[in-house]
Amino acid sequence: MRLALLALALLAATGCQPRDAAAPKTAPAPAKPGAPSASEVPAFAYDEADIAGLQQRMAGGGLTSHALTQAYLDRIAAIDKAGPTLNAVIELNPKALAEADALDAERKAGTLRGPMHGIPVLLKDNIDAVPMVNSGGSLALANNKPARDAFLVQRLRAAGAVILGKTNLSEWANFRSTRSTSGWSGRGGQTKNPYALDRNPCGSSSGTGTAIAANLAVVGVGTETDGSIICPASVAGLVGLKPTVGLVSRDGIIPISATQDTAGPMTRTVSDAAAMLSAMVGRDDGDAATGNSVGKAVFDYEKRLDANALQGLRIGILRKDMGWHPDVDAAMERVVATLKSAGATVVDADIPTRGKWDEAEFEVLLFEFKAGVENYLQKHDAGPKTLSQLMVFNSQNADKEMPYFGQEIFEKANAKGPLGDPAYLEAKAKARRLAGPEGIDAAMQAANVDVLIAPAMSPAWPTDLVLGDHFVGAGYGAAAVAGYPSLTVPMGESHGLPIGVVFVGPAWSEAKLLSVGYAYEQRSKLRRAPTFAPTVRLGKTALPSPTASTMPVWTSAEPATASTSALPPPAAPSTRK
């Protein structure tokens, strides 16, 4: 969940306990020539495994949930706590193996809860899950052990998921400082990007992105306010789905914005994202927004996937969200070629209100963060009860909480009044209108298209604790502000760093987006496992032929970028919160 501040550019036994909250966090060690390479990372029996394949093995009796869960615990010990030390998992569930045993017993007795039965899942550390801490990455909440699971965790457990543990995140979901570094928290330290260890994992669901990319669990849950599922999924070569606001309950999640917050799946395949979403959706009396999902939510998304979904589809490409990186633009042209080869028509489209919602969005987030976080704190035995008290804690523990950046956003939010303030109500209506009806809806109607596409994100930048994030550009902002769904799928790489395409649709269009994304994924197959390289190996980027409609042939030829010369200059970017 990260943000673009208008003022600065209009811009969740082998480590079964939490990390030592009292120990000061240091900067990540610089990459060294002798750092572990991919060849030195231990082989993993379930590398790139998907839900369907694992279920088949468990159904056949050749695998148990206990064995699978233990394998992931061992994997975390081997490469998250040792080896390349990815620093993605902030806490493990001490009852994970017991949960797996119970589910194995159910399977043996002939009870199967569904596709998630016995599947290990990692949750972002801003989601309540018993018996673990929920801290938002902050030392101020290092002893916050919720009395019950968040609603979405209840849904996952009911579907048979094994909660493996919690992942690190950008502290407070990247809503504390104007100069923050994605993937860093006071409690968890700095998470690394598994494709190049000195590169950033993007925020704020950074730990989930790195963990699932590195095969530390089968699937994971992230949360997003503006980009924090899409961005870390894109730079980690993952599928990430940000649902329509109200499809998945936010009860038990440390909030930023009641208007824009949502949780969603982060997975290695579209089919896994669909299966996971089916388990997560549901009306919840604890989140009034989910009342809007009645009659619109689907509980079998995975059964609706169609490899031929692109046939006859009209797709609008948002070219004004391009032009900020040649490798990304070249990859988008290959996406277009793949879509056309599958029977889709691709036309240019434009969001006429692009960027006009930035100021209003930030105003909304400041108001809603103060109200939302104080509501969460007062319902939990977490210590601080107000935003002011959190700020005092940070100041009193500045050596651990603010060694690299401050709390300027906290200060701005703390100065805001109640949610009845006319300035807030006006900004809320303006932002949603400009991004939704006058933005995405208008663009789709003008171009007569079923889906919009844009680059999800730039390649990952080097982690920089001095200057903060180096954000270039992205195509997810309108969907985030409108509260509409977006889905990113891998579309290639730049110097070994993954890049993704984002599919955007109107509210409640998850079934269509997942099916379209699945059809594209089955033709492109561009997910690559991470290399755990110490740093990026520079040189010409190997890119697939733009005419390939199945697994591409990789060449060393310079990518064609002729079409990018006609692109307009990039708009001021919005960042990830």
Side-chain angles (χ1 to χ4, degrees), residues 45-69 71-72 93 96 99-123 129 149-164 208 211-212 215-222 229 233 238-241 243 247-249 263-282 293 297-307 309 485 487 489 510-515 517-519 521-522 527:
Y46 306 106
D47 199 47
E48 300 296 288
D50 64 4
I51 291 173
L54 292 170
Q55 289 295 353
Q56 185 176 19
R57 293 181 65 173
M58 287 191 282
L63 177 65
T64 64
S65 179
H66 181 108
L68 185 62
T69 301
Y72 282 112
N93 178 8
E99 293 177 16
D101 288 340
L103 291 161
D104 283 335
E106 288 185 14
R107 186 186 294 271
K108 188 175 181 179
T111 299
L112 188 66
R113 301 190 187 192
M116 295 299 296
H117 193 107
I119 298 296
V121 176
L122 282 167
L123 307 171
D149 291 333
F151 184 82
L152 77 86
V153 178
Q154 296 175 32
R155 294 283 297 165
L156 286 169
R157 290 192 197 272
V162 175
I163 304 303
L164 190 63
T208 304
I212 304 309
N215 290 272
L216 303 185
V218 184
V219 291
V221 179
I229 289 173
L238 295 179
V239 172
L241 175 69
L247 187 65
V248 176
S249 172
M266 297 174 70
T267 63
R268 292 183 292 270
T269 67
V270 176
S271 59
D272 280 2
M276 198 173 176
L277 183 65
S278 297
M280 294 170 66
V281 301
S293 71
V298 173
F299 297 89
D300 59 351
Y301 289 98
E302 69 279 9
K303 293 181 181 179
R304 300 179 182 229
L305 299 178
D306 181 5
L487 172 75
V489 180
E510 283 80 2
K512 174 175 281 188
L513 288 185
L514 285 163
S515 202
Y518 176 75
E521 174 195 55
Q522 295 308 298
R527 158 75 187 164

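Just so you know, these numbers use all the heavy atoms, side chains as well, and skip hydrogens, waters and symmetry mates. For this chain, numbers begin at 1 and follow the sequence in order.
- The two residues Leu123 and Ala129 make their nearest non-hydrogen contact at CD1-CB, 3.6 Å.
- Under the side-chain contact (heavy atoms from CB on, under 4.5 Å) criterion, Ala150 pairs with Ile127, Asp128, Val153, not counting sequence neighbours.
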Exercise. Could you check Val281 against Val298 for side chain to side chain contact (heavy atoms under 4.5 Å, CB included), going step by step and ending with a plain yes or no?
Key: CA-CA 8 Å; Val281 301; Val298 173; over 6 Å; no
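- For the salt bridge (Lys or Arg N to Asp or Glu O under 4.0 Å) test, no residue two or more places apart in sequence or in another chain qualifies with Glu521.
- Put simply, the side chain of Ile229 does not reach to within 4.5 Å of the side chain of Leu241, judged on heavy atoms.
- Under the rule for a salt bridge (Lys or Arg N to Asp or Glu O under 4.0 Å), Asp104 has no partner lying at least two apart in sequence or in another chain.
- The OG1 atom of Thr269 sits 11.5 Å away from atom CE of Met276, with the distance rounded to the nearest 0.5 Å.
- Looking at every heavy atom in both residues, Thr208 comes nearest to Val221 through OG1-O, 3.1 Å.
- Every residue meeting the salt bridge (Lys or Arg N to Asp or Glu O under 4.0 Å) condition with Asp300, not counting sequence neighbours, appears here in chain and number order: Arg304.
- With sequence neighbours excluded, no residue forms a side-chain hydrogen bond (donor to acceptor under 3.5 Å, both in side chains) with Gln154.
- The distance from the CD1 atom of Ile119 to the NE2 atom of His117 is 9.5 Å, given to the nearest 0.5 Å.
- Residues passing the side-chain hydrogen bond (donor to acceptor under 3.5 Å, both in side chains) test with Ser515: none are found, sequence neighbours excluded.
- Contact check for Pro265 versus Asp272: no side-chain heavy atoms found under the 4.5 Å cut-off.
- For the pair Leu277 and Pro243, the tightest heavy-atom approach, listed with the atom from each and the gap, is CD1-CG, 4.2 Å.
- Listed by chain and residue number, Asn215, Arg268, Arg527, Ala529 satisfy the side-chain contact (heavy atoms from CB on, under 4.5 Å) test with Glu48 (two or more places apart in sequence, or in another chain).
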Cut-off 3.5 Å, no hydrogens considered: what does the side-chain donor-acceptor table look like for residues 57-67, sequence neighbours left out?
from, atom 1, to, atom 2, distance (Å)
Thr64, OG1, Ala67, N, 3.0
Ser65, OG, Gly118, O, 2.9
His66, ND1, Asp101, OD1, 2.6

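- With sequence neighbours left out, Ala217 forms a side-chain contact (heavy atoms from CB on, under 4.5 Å) with Leu122, Leu164, Ile212.
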Exercise. Start with the C-alpha distance between Arg155 and Val248, add both sets of side-chain angles, then the distance that settles side chain to side chain contact (heavy atoms under 4.5 Å, CB included), and finish with yes or no.
Key: CA-CA 10 Å; Arg155 294 283 297 165; Val248 176; over 6 Å; no
Practice problem: Could you walk me through whether Val218 and Tyr72 pass the side chain to side chain contact (heavy atoms under 4.5 Å, CB included) test, one step at a time? | Solution: CA-CA 9 Å; Val218 184; Tyr72 282 112; 3.4 Å; yes
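- In this structure, Thr69 has no side-chain hydrogen bond (donor to acceptor under 3.5 Å, both in side chains) partners at least two apart in sequence or on a different chain.
- In terms of the side-chain contact (heavy atoms from CB on, under 4.5 Å) criterion, residue partners of Pro115 (sequence neighbours excluded) are, by chain and number, Ile51, Ala275, Glu302.
- Taking every heavy atom of both residues into account, Gly220 and Val121 meet most closely at CA-CG1, 4.4 Å.
- Here the shortest heavy-atom pairing between Ile163 and Asn93 reads O-ND2, 2.8 Å.
- For the residue pair Gly160 and Leu103, the shortest heavy atom distance occurs at O-CD1, 3.1 Å.
- Qualifying ring-ring contact (aromatic ring centres under 6.0 Å, His included) partners for Tyr518, counting only residues two or more places apart in sequence or in other chains: none.
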